[in-house]
Colleague: 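The structure follows.
By convention here, the first residue in the shown sequence is residue 1.
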Amino acid sequence: MPDISRRTLLQATAAVGAGAVVAPAVLAGAAQAATGTDGSGAPIWAECPPAELTGRIVRFGDPDYPSASLGWDELFVRNPLVIVFAQNTQDVVNALAWSRQNDVALRVRSGRHSLEGWSNVDNGIVIDVSELKSADIDRAALTARVGAGLNQLEAVTALAQQGLAVTTGTEGSVGLSGATLGGGFGFLTRWLGMACDNLIGAEVVVASGANGAKAVQVDLRNRRDLLWALRGAGNGNFGIVTSLTYRVAPLRGVAYLQATWSGLGDLREVFDSWQRTAPFTDVRLGSQLEIHKSQILLFGVLAEGTEAEARRLLAPVLAVGSPQVTVQIGGWGEIYAGFQVPTQDEPANWKFFSQFARRPFPPEAIEIIRSFMAVAPTDASNFFTQAFGVGAQARQPVGGSAFPHRDAIFYSEPGAGWGTRGVPDSGDALTPAAQAWIAEFSQALRPYVDGAYVNVPNIGMQEWETAYWGPNVERLRRIKAVYDPHNVFQYEQSVPPASC
Ligand SMILES: Cc1cc2nc3c(=O)[nH]c(=O)nc-3n(C[C@H](O)[C@H](O)[C@H](O)COP(=O)(O)OP(=O)(O)OC[C@H]3O[C@@H](n4cnc5c(N)ncnc54)[C@H](O)[C@@H]3O)c2cc1C
């Protein structure tokens, strides 16, 4: 019997699904009957008129379909019925109403970096906001209203051109929407708080009535409960965010420090001095450790800092062994753009596990990291940390947030990367070993960690809701019941509506 690969099988399934598609207008018309006509002869609809898809629409068979349906993490292959690239808010309203009227599963997508492939769905509709690119910056008011389609590099660049900044994650190609709505941490977190803490408003397309959709404005005065929920639990749970308004901060320049230790011989001392220094030093300093099989990397960004200050703040770590150290001084926009790795140079498949630490790791935990990294499935696989601790992220923003991990001293994450981009199935042989390595690595660290990060979802976790949102789970379910009582926005780990 011929071997049918996973991808071939999925493509075949999608082709059947796509073949069954009737023109959207026909389906929409069939979804609901007009109750009569008005004086001009136009039909009167019981709820709302049948929706038609608008915007840039891509279906199976279109030349763009393969690239339009591909996510950043090629481990997950999905074949949607249709992808709508919205060009404005009305396109999003139409797409949501259409999916409801035609009983088609929907997913929301921006930067495509969902680490479980949950911004795409077989045989459903993907409502993609990535072409909503705008940036309206008010330098005097220190606010910026941006389209939900900006990625992090675009947002950092647009703000930096005006000498401004907001917290984002480190990888430029990640969607600003996806990162912010789940929390969003990076080098500026200790100084400015989480990205979601700086979110002060949004336009959101929500489900309306039995089968419609509408756009609503959210800020500290209007629908304050929904703003609270969007700050850390907004990913595909309550509605489709079409624009985000941030409080932004002036930032003229940064000092960017990189240090490299060859091998893992210094790991115990480097890790221990880092976890006792980086979370507790000057809040302008954001820092990360990235531990690979054959080297340890330290990155630090000091907002409005000098080289001497950056070296001094990280001196206890830099004093371990003989690292190679470089420091660059520059504008945040150029430094951020400079440390980006082109997507095509990254492995095709990735699997991560997110964890927060509230206490320093004891020597046994650091030994677990060393022993797992020594047998990592590939050189790209790594153990990543981001300093939290003392800093703006430890405080709730005005209005509060669903993001709960305020007392973490650092975030940590084992990650496996394998396979070659553009070469289908290239990683398949390594997939079982890479998945097992992550599962066993993260399980071994569980005695030393607490909670998980919804933006890096843990599929192998039973109590995922509590791990992501702690004591906020019940409030999130109640807010879900208000804005999405029919649970239109649902996926593998979405917030369910409260039942009473
Ligand atoms: C290489 C890499 C590096 C990363 N580094 C960091 C980091 O430094 N800091 C950090 O905090 N996180 C980091 N992350 C995690 C990242 O924040 C999440 O993967 C994020 O959810 C991706 O958002 P996206 O828009 O790119 O992805 P998508 O796949 O488009 O969406 C992700 C989720 O958000 C939902 N969503 C997207 N747009 C909207 C919208 N407009 N309205 C409602 N829901 C929406 C989707 O439905 C989906 O559930 C990293 C991820 C990767 C892959």
Colleague: Could you check whether Arg268 pairs with Glu367 (Lys NZ or Arg NE/NH1/NH2 to Asp/Glu carboxylate O, under 4.0 Å)?
Modeller: no

Colleague: Any idea which heavy atoms bring Arg107 and Gln490 closest together, and the distance?
Modeller: NE-O, 3.8 Å

Colleague: How are the rings of Phe299 and Tyr256 set to each other: parallel, tilted or perpendicular (split at 30° and 60°)?
Modeller: parallel

Colleague: Side chains of Ile127 and Val205: closer than 4.5 Å at any heavy-atom pair?
Modeller: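 Not touching, per the 4.5 Å side-chain cut-off.
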
Colleague: Would you call the rings of Trp72 and Phe352 parallel, tilted or perpendicular, taking 30° and 60° as the class edges?
Modeller: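 Rings of Trp72 and Phe352: parallel, as their planes differ by under 30°.
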
Colleague: So, do Asp73 and His113 sit near enough that their side-chain heavy atoms are less than 4.5 Å apart?
Modeller: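 In short, these two side chains do not touch, never coming nearer than 4.5 Å.
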
Colleague: Under the 3.5 angstrom rule, does the side chain of Asp122 hit a backbone N or O of Asn79 as a donor-acceptor pair?
Modeller: yes

Colleague: When rounded to the nearest 0.5 angstrom, what distance separates CG in Leu314 from CG in Leu302?
Modeller: 8.5 Å

Colleague: Between the side chain of Ser99 and the main-chain N/O of Leu96, is any donor-acceptor distance below 3.5 Å?
Modeller: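 Looks like yes, one N/O pair under 3.5 Å.
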
Colleague: Please check this pair: side chain of Lys351 against backbone of Ala439, looking for a donor-acceptor N/O pair closer than 3.5 Å.
Modeller: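 It does not hold such a pair.
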
Colleague: Crowded around Arg359 CZ? As in, over 12 foreign heavy atoms under 6.0 Å?
Modeller: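 Atom CZ in Arg359 is not crowded, with 12 or fewer foreign heavy atoms closer than 6.0 Å.
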
Colleague: With a 4.5 Å heavy-atom cut-off, do Leu476 and Trp228 have their side chains touching?
Modeller: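 Side-chain contact under 4.5 Å: yes.
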
Colleague: Please assess Val241 against Leu230 for the test side chain to side chain contact (heavy atoms under 4.5 Å, CB included), listing each intermediate value before the final yes or no.
Modeller: CA-CA 9 Å; Val241 172; Leu230 295 181; 4.3 Å; yes

Colleague: Applying side chain to side chain contact (heavy atoms under 4.5 Å, CB included) to Phe271 and Ile291, what does each step give before you reach the verdict?
Modeller: CA-CA 9 Å; Phe271 197 98; Ile291 300 154; 3.9 Å; yes

Colleague: For Glu309, check salt bridge (Lys or Arg N to Asp or Glu O under 4.0 Å) against everything at least two apart and list the hits.
Modeller: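 Residues passing salt bridge (Lys or Arg N to Asp or Glu O under 4.0 Å) with Glu309: Arg284.
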
Colleague: Counting only heavy atoms from other residues, nucleotides and ligands, does the tally under 6.0 Å from CD of Gln462 exceed 12?
Modeller: no

Colleague: Going by atom types only, do Asn222 and Asp219 share a side-chain donor-acceptor pair under 3.5 Å?
Modeller: yes

Colleague: Can you confirm whether the side chains of Arg406 and Ser401 place a donor and an acceptor under 3.5 Å from each other?
Modeller: yes

Colleague: Apply salt bridge (Lys or Arg N to Asp or Glu O under 4.0 Å) to Arg100 and list each qualifying residue two or more places apart in sequence or on a separate chain.
Modeller: none

Colleague: Might you work through the side chain to side chain contact (heavy atoms under 4.5 Å, CB included) test for Ser354 and Asn458, ending with a clear yes or no?
Modeller: CA-CA 7 Å; Ser354 62; Asn458 293 346; 3.4 Å; yes

Colleague: Can you give me the closest heavy-atom contact between Leu176 and Ala155, atom names plus distance?
Modeller: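 Taking every non-hydrogen atom into account, CD2-CB, 3.8 Å.
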
Colleague: Please evaluate residues Tyr246 and Thr180 with respect to the criterion side chain to side chain donor-acceptor pair (under 3.5 Å), reporting the C-alpha separation (whole Å), side-chain torsions for both, the decisive distance (0.1 Å), and the verdict.
Modeller: CA-CA 10 Å; Tyr246 294 89; Thr180 301; 2.7 Å; yes

Colleague: What is the distance from atom CZ of Arg311 to atom CG of Leu257, rounded to the nearest 0.5 Å?
Modeller: 6.5 Å

Colleague: Please identify each residue that fulfils salt bridge (Lys or Arg N to Asp or Glu O under 4.0 Å) with Lys214, with sequence neighbours left out.
Modeller: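 None.
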
Colleague: Can you classify the ring geometry of Phe403 versus His405 as parallel (below 30°), tilted (30 to 60°) or perpendicular (above 60°)?
Modeller: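 Taking His405 first and then Phe403, their aromatic rings stand perpendicular (interplane angle over 60°).
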
Colleague: For Glu290, give me all partners under side-chain hydrogen bond (donor to acceptor under 3.5 Å, both in side chains), at least two apart in sequence or on another chain.
Modeller: His292

Colleague: Measure the shortest side-chain to side-chain distance between Thr168 and Val174 over non-hydrogen atoms and say whether it is less than 4.5 angstrom.
Modeller: no

Colleague: Go through the side-chain N and O atoms of Glu203 and Thr89 and say whether any donor and acceptor fall under 3.5 Å apart.
Modeller: yes

Colleague: Please report whether the ring centroid of Phe185 lies less than 6.0 Å from that of Phe388.
Modeller: yes

Colleague: Hey, could you give me each pair passing side chain to side chain donor-acceptor pair (under 3.5 Å) that has a residue in residues 151-166? Not counting sequence neighbours.
Modeller: Lys133-Glu154

Colleague: Please identify each residue that fulfils salt bridge (Lys or Arg N to Asp or Glu O under 4.0 Å) with Arg276, with sequence neighbours left out.
Modeller: Asp272

Colleague: Consider only side-chain N and O atoms of Ser287 and Trp274, and report whether a donor and an acceptor are under 3.5 Å apart.
Modeller: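 Side chains of Ser287 and Trp274: pair found under 3.5 Å.
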
Colleague: Do the rings of Phe361 and Phe410 sit parallel, tilted or perpendicular, given the 30° and 60° boundaries?
Modeller: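 Correct class here is perpendicular.
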
Colleague: Set out, in order, the CA-CA distance, both residues' side-chain angles and the distance that settles side chain to side chain donor-acceptor pair (under 3.5 Å) for Trp418 and Thr431, then state yes or no.
Modeller: CA-CA 8 Å; Trp418 71 102; Thr431 297; 3.0 Å; yes

Colleague: Is any side-chain heavy atom of Asn198 closer than 4.5 Å to one of Val248?
Modeller: no

Colleague: Under a 4.0 Å N-O cut-off, is there an ion pair linking Arg109 with Asp128?
Modeller: yes

Colleague: Hey, could you give me the CE/CG distance between Met373 and Asn382, rounded to the nearest 0.5 Å?
Modeller: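 So the gap between those two atoms works out to 6.0 Å.
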
Colleague: Are more than 12 heavy atoms, taken from residues, nucleotides or ligands other than Arg252, located less than 6.0 Å from that residue's CZ atom?
Modeller: no

Colleague: So, for Arg358 and Asp450, which heavy atoms are closest and what is the spacing to 0.1 Å?
Modeller: NH1-O, 3.0 Å

Colleague: Would a 4.5 Å heavy-atom cut-off, applied to side chains only, mark Leu153 and Tyr336 as touching?
Modeller: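 A side-chain contact exists here, since the closest heavy-atom pair is under 4.5 Å.
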
Colleague: With a 4.5 Å heavy-atom cut-off, do Phe441 and Ile368 have their side chains touching?
Modeller: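 Answer yes - side chains close enough.
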
Colleague: Just checking, is any N or O donor in the side chain of Tyr468 or Gln493 under 3.5 Å from an acceptor N or O on the other one?
Modeller: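 Present: a donor and an acceptor within the cut-off.
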
Colleague: I want to check something: taking the side chain as every heavy atom from C-beta on, are Gln275 and Thr385 in contact at a cut-off of under 4.5 Å?
Modeller: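 No; the side chains remain at least 4.5 Å from each other.
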
Colleague: Check the pair Asp484 / Val206 against side chain to side chain contact (heavy atoms under 4.5 Å, CB included), numbers first and verdict last.
Modeller: CA-CA 7 Å; Asp484 185 21; Val206 293; over 6 Å; no

Colleague: Any idea which heavy atoms bring Leu251 and Ala303 closest together, and the distance?
Modeller: CD1-CB, 3.9 Å

Colleague: Where the side chain of Arg370 meets the backbone of Leu264, is there a donor-acceptor pair that is under 3.5 Å apart?
Modeller: no

Colleague: Using every non-hydrogen atom in the two residues, find where Trp469 and Ala233 come nearest and quote the distance to one decimal.
Modeller: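 In this case the closest contact between Trp469 and Ala233 is NE1-CB, 3.4 Å.
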
